[in-house]
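Here's the structure we're looking at; comments come further down.
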Amino acid sequence: MISINERYINGVPILHISEKGNAEKRPALIFHHGITSAKEHNLHIAYSIAKKGFHVILPDALHHGEREAANSAQKRYLLFWNIVLQSVHELEDIVNVLALEGLIDRNQVAVGGTSMGAITSFGALSRYEWIKSGLCFMGAPQFGLFANEMFKKAEQNGIQISEKEKETLLNQIKPYDLAEQPDKLNERPLFMWHGEEDNTVPFSYARQFIIDFEKSRSSHFNKITFLPEEGVGHKVSRKAMLEAANWLPTVMNENKHGMFN
């Protein structure tokens, strides 16, 4: 039976999904939600992976869920990259606390998410070498390119952003741009799913990342599982969820530790 526990880690509201009564050390997935969403909205994904023997941790991002204030809705899009980087930094705090509690092994941590959460996960893979694998739905690894596209859309909607502001932000996110430094993946398994009809985070970002990675002739390329899905927009399909739930245990050394069936 799967249990859902609410708690806070260093002020961050999270849901902890795991087998009921299971307090032993197991692999963990820290899974981030998309913009305007909240931790509860990914419970179906968390459930499918918790059944495989994982501790699944769903945090609320800044200005979302329990952390949403009266003016959060206005701030969310303007502060998109601040929210992403804040989640990347909070990830380490969450993992450290769970490791100290004896629930997880830092060498058996996967990170994942949907949309903004997938973008957060690409950034985390760039920052933390100890992450074991990544599970990304509908994300864009190209932080710089995606940020420039967001600048254009903002200006089309009458929001003026100075060149200095753009430069500052691009410099801030550059160290987290996995597309600009693909070797930071360092042969870690990466699962990428994207609907081909996605108009929110266009499919072209995921496709171009795969094309560029393949052209680089990197030995890391065979560690990437890329699953495009025809006719699907900006919504994780059931097929994608089940594929991910089956994929993750195979890359987390489950048989070695005897944790999974």
Flag, side chain of [X] to backbone of [Y], donor-acceptor distance under 3.5 Å:
X: Arg67; Y: Asp60; value: yes
X: Asn42; Y: Ile45; value: no
X: Asp177; Y: Phe143; value: yes
X: Ser18; Y: His55; value: no
X: His64; Y: Leu62; value: yes

Under a 4.5 Å cut-off applied to non-hydrogen side-chain atoms, are [X] and [Y] in contact?
X: Lys235; Y: Thr114; result: no
X: Arg207; Y: Pro228; result: no
X: Glu243; Y: Thr225; result: no
X: Val84; Y: Ile173; result: no
X: His194; Y: Val201; result: yes
X: Arg76; Y: Glu68; result: yes
X: Ile2; Y: Lys51; result: yes
X: Glu129; Y: Asn186; result: no

Step by step, would you call Ile9 with Ile57 a side chain to side chain contact (heavy atoms under 4.5 Å, CB included)? CA-CA 11 Å; Ile9 294 181; Ile57 308 300; 5.5 Å; no
Is there a path of hydrophobic side-chain contacts, each under 4.5 Å between heavy atoms, that joins Ile159 and Leu169?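 Cluster IDs for Ile159 and Leu169 match.
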Are Ile104 and Tyr8 in one and the same hydrophobic cluster, where Ile, Leu, Val, Met, Phe, Trp and Tyr link if side-chain heavy atoms are under 4.5 Å apart?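 No, it is not one cluster - the side chains of Ile104 and Tyr8 are not joined through contacts under 4.5 Å.
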Could you tell me whether Tyr205 and Phe209 have their ring centroids closer than 6.0 angstrom?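 That pair fails the under 6.0 Å test.
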Atom [atom1] in [X], atom [atom2] in [Y]: separation rounded to 0.5 Å?
X: Phe151; Y: Gln160; atom1: CZ; atom2: CD; value: 13.0 Å
X: Phe80; Y: Phe146; atom1: CZ; atom2: CZ; value: 5.5 Å
X: Lys52; Y: Arg26; atom1: NZ; atom2: CZ; value: 13.0 Å
X: Leu185; Y: Leu125; atom1: CG; atom2: CG; value: 6.5 Å
X: Ile14; Y: Glu66; atom1: CD1; atom2: CD; value: 10.5 Å
X: Asn10; Y: Glu90; atom1: CG; atom2: CD; value: 9.0 Å

Could you go step by step and tell me if Val251 and Lys132 meet the side chain to side chain contact (heavy atoms under 4.5 Å, CB included) rule? CA-CA 8 Å; Val251 300; Lys132 180 80 174 181; 6.0 Å; no
By the ring pair (Phe, Tyr, Trp, His ring centres under 6.0 Å) test, which pairs, at least two apart or in different chains, include something from residues 103-133?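 Only Tyr128-Trp130 qualify under ring pair (Phe, Tyr, Trp, His ring centres under 6.0 Å).
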Restricting to non-hydrogen atoms, name the atom on [X] and the atom on [Y] that form the minimum distance, rounded to 0.1 Å.
X: Pro175; Y: Ser126; answer: O-CB, 3.9 Å
X: Gly134; Y: Trp247; answer: O-CH2, 3.6 Å
X: Ala240; Y: Val236; answer: CB-CG1, 4.0 Å
X: Ile131; Y: Ala124; answer: CD1-O, 3.5 Å
X: Met192; Y: Pro141; answer: CE-CG, 4.3 Å
X: Phe137; Y: Ala244; answer: CZ-CB, 3.5 Å

Out of Leu58, Ile4, Leu103, which residue meets the side chain to side chain contact (heavy atoms under 4.5 Å, CB included) rule with His16?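 Output: one option passes, namely Leu103.
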From the options Leu85, Val88, Leu178, Leu91, select the one residue that forms a side chain to side chain contact (heavy atoms under 4.5 Å, CB included) with Arg127.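 Going through the options one by one, the only one that passes is Val88.
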[X] [atom1]: over 12 foreign heavy atoms closer than 6.0 Å:
X: Lys166; atom1: NZ; answer: yes
X: Tyr47; atom1: OH; answer: no
X: Gln181; atom1: CD; answer: yes

Name the one of His41, His33, Lys39 that satisfies side-chain hydrogen bond (donor to acceptor under 3.5 Å, both in side chains) with Ser37?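 By the side-chain hydrogen bond (donor to acceptor under 3.5 Å, both in side chains) criterion, Ser37 pairs with just one of His41, His33, Lys39: His41.
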Side chain to side chain contact (heavy atoms under 4.5 Å, CB included), that's the test. Do Ile119 and Trp81 meet it? Break it down for me. CA-CA 10 Å; Ile119 292 170; Trp81 292 106; 3.8 Å; yes
Worked check of side chain to side chain contact (heavy atoms under 4.5 Å, CB included) between Val232 and Glu197: CA-CA 5 Å; Val232 178; Glu197 306 305 318; 6.0 Å; no
